[in-house]
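Below you'll find the structure, written out as structure tokens, and then a few comments.
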Amino acid sequence: MTIKITLPDGSVREYPKGSTSMEVALSISEGLARNVLAANLNGTTVDSSLPIHADSKLELLTWNDTDGKSTFWHSSAHLLAEALESLYPGTKFGIGPAIETGFYYDVDFGEVEFNQDHFKKLEDKILELARLKSEFKRQSVSKLDAIDYFNTKGDEYKLDLLQNLEDGKITFYTQGNFTDLCRGPHIPNTGFIKAVKIMNIAGAYWRGDEKNKMLTRLYAVTFPKQKELDDYLVLLEEAKKRDHRKLGKELDLFYFDEEVGMGLPLWAPKGEALRQNLIEFLKKIQRKAGYQHVASPHIGKKELYITSGHYAKYGQDAYQPIRTPDENEEFFLKPMNCPHHCKIYAAKLKSYKDLPVKYAEFGTVYRYEQHGELHGLTRVRGFTQDDAHIYCRPDQLKEEFLKVVDLVNLVYSKLGFSEFKTQISLRDPNNKEKYLGTDQMWDLAEKAIVEATQERGMKTTTKEGEAAFYGPKLDFMVRDAIGRKWQIGTIQVDYMMPENFDLTYIGSDNQKHRPVMIHRALFGSMERFIALLIENTGGQFPLWLAPVKAIILPISDKFDDYAKKVADQLSDILDVPIELDLRNEKIGRKIRDAEISKIPYMLVVGEKEQNEETIQVRKKHEGDLGSQTVDEFIAMFSEEVKV
RNA sequence: GCUGUUGUAGCUCAGGGGUAGAGCACUUCCUUGGUAAGGAAGAGGUCGGCAGUUCAAUUCUGCUCAACAGCUCCA
């Protein structure tokens with residue numbers, strides 16, 4: 001009896017029934033077999049030792065495959081557990097999955113105090129066990145036997161896990177002296193693991209529920225070669241240098257102050273210059289796209305948020321209300337701009353011919369975020385949204401939605417964000433009471449989003465239960481320097497708020513109609529976007545964004561007057577920030593400091609330049625560009641500074 | 001909010017039961033120097049805050065505030 005195995009390149013080979021993926025690999029080449037970690041059999045990742053009994057599609061997985069890596073890391077988690085059990089007998093185990101980079105294991109150390117000082121010992125033990133090349137052996141067990149095993153061992157977390165598992169589908173994996181409840185698959189043996197680094201230790205609730213006991217989560221990463229671990233650690237160091245919190249301080253962009261309050265960023269002149277450059281850029285693009293800019297106050301009466309629905313949903317979690325001394329009215333710091341914009345819409349009667357109406361505001365909002373959640377500029381308590389609300393007729397919804405999608409793509413491409421992900425967030429179909437509005441409204445809104453993204457051929461992931469309480473949304477996410485994903489842009493369809501505020505327009509039939517509303521932000525918030533921009537550029541901003549565009553460096557104080565004259569000329573014509581370094585320092589020092597400050601142009605002036613009425617242009621990172629007249633520089637600069 | 005780690009000069013950090021140290025930055029002076037750190041001197045700190053133990057606390061203990069990592073949450 002033979003079976004036909006189809007490989008990814010389309011070739012078909014015949015093998016005896018019951019052959020394993022490893023045997024297939026061996027038949028192709030010994031080198032391949034040495035690197036096989038697991039296999040993808042008809043779309044499912046399986047052990048390379050699993051016998052194949054029918055014609056199948058087979059892909060051999062190595063370290064170069066995502067699934068191969070995650071199998072490797074998952075097996076490493078088992079090895080970590082084995083090492084822990086051997087070093088600290090009595091340790092109880094929660095779950096130990098592979099994650100994007102590496103893996104973790106949640107463990108209960110009981111009385112043992114485990115901290116960073118133990119990392120080295122643990123790493124050594126893991127490598128020691130790895131060298132034994134213990135095979136990962138799979139074994140099916142009955143639920144009763146499984147319960148019996150962990151009862152004897154006294155591992156309550158595994159028993160808890162077992163409760164949700166179906167009898168007959170339970171498997172154990174054993175390597176060396178360690179047996180774990182696991183569905184697999186695993187790498188052939190522990191010998192593949194050649195390098196390990198315990199990265200981090202943190203608390204994590206059992207099953208992610210804060211009512212449960214907090215376990216110790218050990219984050220670690222392993223590699224098949226020491227060199228790869230070393231490279232990875234270097235990469236991490238590089239990423240740390242791009243951290244916006246570090247660069248923000250170094251480049252003098254923004255600060256936090258305990259006395260001002262946590263999560264409340266202070267923008268220094270250079271940071272604000274950067275912010276304004278971005279705001280001007282967006283305003284221009286938005287005006288072109290038919291948006292009108294509006295402005296609204298930072299507080300609003302409680303009644304406004306009762307009408308909008310925000311109070312019922314988030315009133316308790318917001319900042320405490322501000323009370324007037326006489327009228328005893330309650331005001332809230334605004335958490336969103338939409339209620340105010342709805343009021344602007346309602347202020348004047350609209351005709352169907354007026355729609356779509358697009359109000360944009362760089363509106364500063366305040367939200368009470370849990371303090372453990374605050375992080376640099378990416379999650380703060382006071383921030384400025386590049387917010388806009390589009391009020392349109394239902395028949396315009398899809399077109400308007402598409403226009404916003406196109407606008408997001410345009411803006412991100414100009415800023416060099418190419419690696420963003422898009423996610424559609426829909427209502428949780430099993431928990432509809434969490435949301436406002438009728439089923440019909442939701443169906444219409446969700447359909448509009450799905451169709452629009454399909455029309456643009458966008459690769460999106462869809463998540464149920466992640467929608468805003470008033471409507472479904474399309475989010476744009478990018479990664480920061482250390483790989484965390486953050487939502488930036490968002491487009492949300494809302495039938496509810498026009499209803500709540502009784503917004504109308506007069507149709508061609510001379511009757512009142514209800515507009516649809518689109519909430520949208522391209523950057524999300526200026527703060528978060530700038531954080532990600534800093535991390536993505538490493539602080540090397542393009543000329544048009546740079547807070548300081550050029551610095552004039554006189555060779556000595558004999559040329560200060562000429563330097564000032566040049567500075568005045570440039571500022572007058574270019575209308576951009578130009579600095580002047582009049583310190584009593586040598587030119588080498590001035591250049592070094594300007595390079596570190598990441599100022600795009602350094603203009604050196606000395607005796608030669610003064611006599612010839614020129615400047616010597618030096619570009620950051622690139623070095624000397626030679627002498628130019630001021631006019632020549634202005635022409636070159638003006639061309640480059642265009643977005 | 002929860003768990004853990006951390007908090008010393010403007011910044012980065014060392015130290016440690018007997019009232020503090022480095023580098024950079026800052027101030028003054030010397031130097032007038034042509035492409036990534038010229039030299040000297042000086043000033044600067046209630047060792048996050050509050051309490052406790054002690055003859056003595058920046059160091060030990062407790063509480064508190066903040067930052068960091070993760071968990072939970074997320075408009």
Side-chain angles (χ1 to χ4, degrees), chain A residues 99 104 106 113-117 199-219 240 243 245-246 249-250 252 255-263 305 308-311 313-315 317-318 334-339 365-376 379 381 383 385 387 425 466-471 473 482 484 486-487 490 492 494 519 521 524-525 553-560 583-597 602-609 616-627:
Chain A
I99 51 178
Y104 67 80
D106 284 346
E113 285 223 11
F114 187 89
N115 60 42
Q116 300 186 0
D117 301 336
M199 300 302 292
N200 206 351
I201 179 169
Y205 301 108
W206 172 237
R207 288 182 175 280
D209 186 337
E210 56 186 315
K211 288 187 221 64
N212 287 337
K213 184 167 180 186
M214 183 165 278
L215 306 181
T216 305
R217 176 170 295 180
L218 287 173
Y219 286 90
K240 268 191 204 155
D243 191 314
R245 293 166 299 183
K246 184 175 150 66
K249 221 180 275 179
E250 283 173 8
D252 198 18
Y255 300 94
F256 288 93
D257 182 274
E258 245 182 73
E259 204 170 349
V260 171
M262 51 180 159
Y305 301 109
S308 71
H310 289 110
Y311 183 76
K313 192 83 184 166
Y314 300 108
D317 299 328
K334 74 173 172 190
M336 297 187 105
N337 303 299
C338 33
V365 297
Y366 300 89
R367 301 179 183 179
Y368 180 79
E369 299 285 354
Q370 290 187 14
H371 98 258
E373 196 46 51
L374 300 173
H375 178 90
R379 183 163 244 110
R381 285 179 169 175
F383 56 97
Q385 294 181 309
D387 208 0
S425 297
E466 299 262 310
F469 71 94
Y470 50 75
K473 55 179 184 167
I482 46 177
R484 274 185 291 217
W486 296 96
Q487 177 201 315
T490 181
Q492 313 181 355
D494 184 359
H519 306 243
S525 84
L553 312 176
I555 295 287
S556 83
D557 56 16
K558 281 190 277 189
F559 313 107
D560 282 3
R583 291 177 306 164
N584 180 9
E585 294 290 351
K586 290 191 180 177
I587 192 65
R589 178 54 182 277
K590 290 183 181 182
I591 285 171
R592 178 185 151 82
D593 288 348
E595 286 278 356
I596 288 171
S597 308
M602 284 153 262
L603 310 175
V604 179
V605 294
E607 190 172 8
K608 180 168 164 281
E609 287 74 19
Q616 196 246 289
V617 181
R618 186 190 160 98
K619 199 166 185 180
K620 174 188 68 173
H621 254 24
E622 292 173 27
D624 192 357
L625 298 186
S627 287

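Order of the sequence lines sets the chain letters (A, B, ...), proteins ahead of strands, with each chain counted from 1. Just so you know, these numbers come straight off a predicted model, no measurement behind them.
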> Would you say a side-chain N or O of A:His375 is under 4.0 Å from OP1 or OP2 of B:A69?
Replying inline: yes
> So, is A:Arg379 near the phosphate of B:C74, with a side-chain N or O under 4.0 Å from OP1 or OP2?
Replying inline: no
> Roughly, in whole Å, what's the span from CE in A:Met262 to P in B:G1?
Replying inline: 7 Å
>> Does the protein touch nucleotides 42-48 of chain B at the base, only the backbone, or not at all? Give it as B, S and - per nucleotide, heavy atoms under 4.0 Å.
In response: -------
> Name the stems that RNA chain B belongs to, where each is three or more consecutive Watson-Crick or G-U pairs with both distances under 3.5 Å?
Replying inline: B:1-7 with B:65-71, B:10-13 with B:21-24, B:26-30 with B:38-42, B:48-52 with B:60-64
> How are the rings of A:Tyr104 and A:Tyr219 set to each other: parallel, tilted or perpendicular (split at 30° and 60°)?
Replying inline: tilted
> Can you find an N or O donor on one side and an acceptor on the other, under 3.5 Å apart, linking the side chain of A:Tyr205 with the base of B:G70?
Replying inline: no
> Can you tell me how far P of B:U31 sits from NZ of A:Lys590, to the nearest Å?
Replying inline: 17 Å
> Where each residue is assigned the nucleotide of RNA chain B containing its nearest heavy atom, which of A:Phe559 and A:Arg589 is assigned the position nearer the 5′ end?
Replying inline: A:Arg589
> Residues two or more places apart in sequence or in another chain: which of them pass ring pair (Phe, Tyr, Trp, His ring centres under 6.0 Å) with A:Phe383?
Replying inline: none
>> On RNA chain B, compare the nucleotides closest to A:Glu585 and A:Lys249; which residue's is nearer the 5' end?
In response: A:Lys249
> Any side-chain N or O of A:Arg367 under 4.0 Å from OP1/OP2 of B:C74?
Replying inline: no
> Counting only distance, no hydrogens or angles, is the base of B:G34 paired donor-acceptor with the side chain of A:Glu609 under 3.5 Å?
Replying inline: yes
> Is NZ or CZ of A:Arg381 both nearer than 6.0 Å to the six-membered ring centre of A:Tyr366 and within 45° of the ring axis?
Replying inline: no
